[in-house]
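What follows is a set of notes on a single structure, which appears directly below.
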Amino acid sequence: MNAFTSQTFDQIAIGASLTQRHTVTRDEVSLLALVSGEVNAFGPQRDEANATAPVCEGVSAEALVHALLKRRLPGPGTVIISHDLHFDGHVEVGDELEAQLSVVDKRSPDELVIACAVRRGGDTVLEGSMTVRAPAQAITVDQRDTPSVILRRNDVFARLIQACAGLPPARCAVVHPCDAGSLGGAIESARLGLIEPVLVGPRARIEAVAQAENLDITPYRVIDVAHSHAAADTAVALARDGEVQSLMKGSLHTDELMGAVVAGLRTERRISHVFVLDVPAYPRMLLVTDAAINIAPTIQEKVHIVQSAIDLAQVLGVPTPKVAILAAVETVNPAMPATVDAAMLCKMADRGQITGGLVDGPLAFDNAVSVEAARTKGIVSPVAGQADILVVPNLEAGNMVAKQLQYLAGADSAGIVLGARVPIVLTSRADSVRTRLASAAVMQLLAQAQARARSVSGKAPAA
């Protein structure tokens, strides 16, 4: 059926009926929770101790009745005037429901009384009647024109924050937190146990922001320095001396902080940046690198970038990450340097120069993230269509990819700097609280992984 056509009052006779079967989906339960204000659509809502399937109240069956009234009987243009409905029981994802509508009365000039029932097997979950106003003329609506909703199916950030439960907070130097966003994000991260903040900056400015935003900073150490340059140098010294396990950028320019980091916290690993993305339409966490530090990395620098991203993905719970080396096309073309670099990186992975992940490329963006696109182009690969990590050719391409995913695909993004002696969060003034907390969670997981590695080897690994 590609269209819905309504019936007018005169076309509908008493006794007209409709029966339709429907399988309850998880998305429907999520949408019901969204519009009804339910805090936890998939939390326990029954008395049975062993109940594990997501459930919703029987009132959700009303949505099925509304859909049939608005689409089939009478159809598009129907106005619901009143209802008298009784609900019993619950509905689980996967339940087979049978909805029945029957016209029991007609009231001139255009009102219909319709008996309604929704059953699951032998149980009735909804029963009653609804009074509607039938459309004055037949209306046809193309089914393909009905609105659609993309639900966030894989809440990456919630899982990251949950993974930090029980871990000790990471000691973190918050560099120049002299605006509401940076100071508030640090305090909220501390409240959730993600970090133990050390506030580094002009004390008077920090205290003024705290007072203006009603933030209590009395539990936290404040190191008073004159300006942002001094804050960056002091924070780096704290990390170098082992007093903190991580750094978080406040309201200073990225170049100020990274200049101090490069001077004081470099390791043998190339410093790079990874966006950790939660893309609503993508079924897994997606890492994009490098979109913020390395402008035009060499092949050897890309080796470091790829290895750092693989190491991060493993810390975040992906045992063998799938790495797609991006280019404009999926075939090697000597006239396109990105495809040559991709081929070299894959061979280096084959020879053990890059370890811990499955590396493939060159891959165009579509066949890196879409199984269907990869299949259409005849690409046989364990990475194609299901990449965990996207390695971009250069900073410009990476920045465009990450921001397009954020602003056009609704992705949330956290960010982390790798390759220094400690992990570093580079926040943006536009970051939401959710993004700041996710970045802090990534940082905490990395800091704890470093601490474990240090206890085994006695040597601090690169973040």
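For the numbers below, each heavy atom of this structure counts, side chains included, while hydrogens, waters and symmetry mates do not.
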*Please name the pair of heavy atoms, one in Val225 and one in Ala230, separated by the smallest distance, quoted to 0.1 Å.*
CB-CB, 3.9 Å

*Spacing of CD1 belonging to Ile354 relative to NE2 belonging to His304, to within rounding of 0.5 Å*: 9.5 Å

_Looking at Arg171, is its backbone amide N or carbonyl O close enough to the side chain of Gln245 to form a donor-acceptor pair, meaning the two atoms are under 3.5 Å apart?_
yes

*Kindly compute the distance separating CD (Gln314) from CG (Asp388), expressed to the nearest 0.5 Å.*
11.0 Å

*Would you say Val175 and Lys249 make side-chain contact, with heavy atoms under 4.5 Å?*
no

*asked:* Counting neighbours of CG on Asp241 that are heavy atoms of other residues, nucleotides or ligands and sit closer than 6.0 Å, is the number greater than 12?
replied: yes

*Report the residues that fulfil salt bridge (charged side-chain N to carboxylate O under 4.0 Å, His left out) with Arg351, sequence neighbours left out, ordered by chain and then residue number.*
none

*Kindly compute the distance separating OH (Tyr282) from OG (Ser370), expressed to the nearest 0.5 Å.*
9.0 Å

*For residues Leu183 and Ala210, report the shortest heavy-atom separation together with the two atoms involved.*
CD2-N, 3.7 Å

*Output yes when a side-chain donor or acceptor of Asn294 lies under 3.5 Å from a complementary backbone atom of Ala296, and no otherwise.*
no

*From CD1 (Ile416) to OG1 (Thr289), nearest 0.5 Å*: 12.0 Å

*Does any N or O in the side chain of Asp290 come within less than 3.5 Å of the main-chain N or O of Ser272, such that one atom is a donor and the other an acceptor?*
no

All N/O donor-acceptor pairs, side-chain side in residues 319-337, below 3.5 Å, sequence neighbours left out:
from: Lys322; atom 1: NZ; to: Gln386; atom 2: OE1; distance (Å): 3.3
from: Glu330; atom 1: OE1; to: Asn367; atom 2: ND2; distance (Å): 3.2
from: Asn333; atom 1: OD1; to: Ala335; atom 2: N; distance (Å): 2.9

*Return the minimal non-hydrogen interatomic distance between Ala368 and Leu363, and the atom names on each side.*
CB-CB, 4.3 Å

_To the closest 0.5 Å, what do you measure between CE (Met258) and NE2 (His253)?_
12.5 Å

_For the NE2 atom on His229, are there more than 12 heavy atoms of other groups (residues, nucleotides or ligands in this structure) within a distance under 6.0 Å?_
no

*Are Asp311 and Arg269 ion-paired here, with the side-chain N under 4.0 Å from a carboxylate O?*
yes

*Counting only N and O atoms by type, is there a donor-acceptor contact under 3.5 Å from the side chain of Gln450 to the main-chain atoms of Arg421?*
yes

_Test your reading of the model: is there a side-chain donor-acceptor pair from His273 to the backbone of Ala292, 3.5 Å cut-off?_
no

*For Pro280 against Ala409, the heavy-atom pair lying closest together*: CD-O, 3.3 Å

*Is there a donor-acceptor pair closer than 3.5 Å between any side-chain N or O of Asp95 and the backbone N or O of Val24?*
no

*Atom pair CG/CZ of Leu426 and Phe275 - distance to nearest 0.5 Å*: 9.0 Å

*Which heavy-atom pair separates Pro297 from Asn394 by the least distance, and what is that distance?*
CD-CA, 4.2 Å

_For Arg240, give me all partners under side chain to side chain donor-acceptor pair (under 3.5 Å), at least two apart in sequence or on another chain._
none

*asked:* I'd like to know if the side chain of Ser251 and the backbone of His176 have a donor-acceptor N/O pair within less than 3.5 Å.
replied: yes

_Tell me whether Arg71 contacts the main-chain N or O of Phe4 through its side chain, where contact means a donor paired with an acceptor under 3.5 Å._
no

_Glu396, CD: over 12 other non-hydrogen atoms inside 6.0 angstrom_ = no

*Side-chain (Gln20) to main-chain (Leu97) donor-acceptor, under 3.5 angstrom*: no

*Donor-acceptor contact present, side-chain Ser189 to main-chain Ile195, <3.5 Å*: no

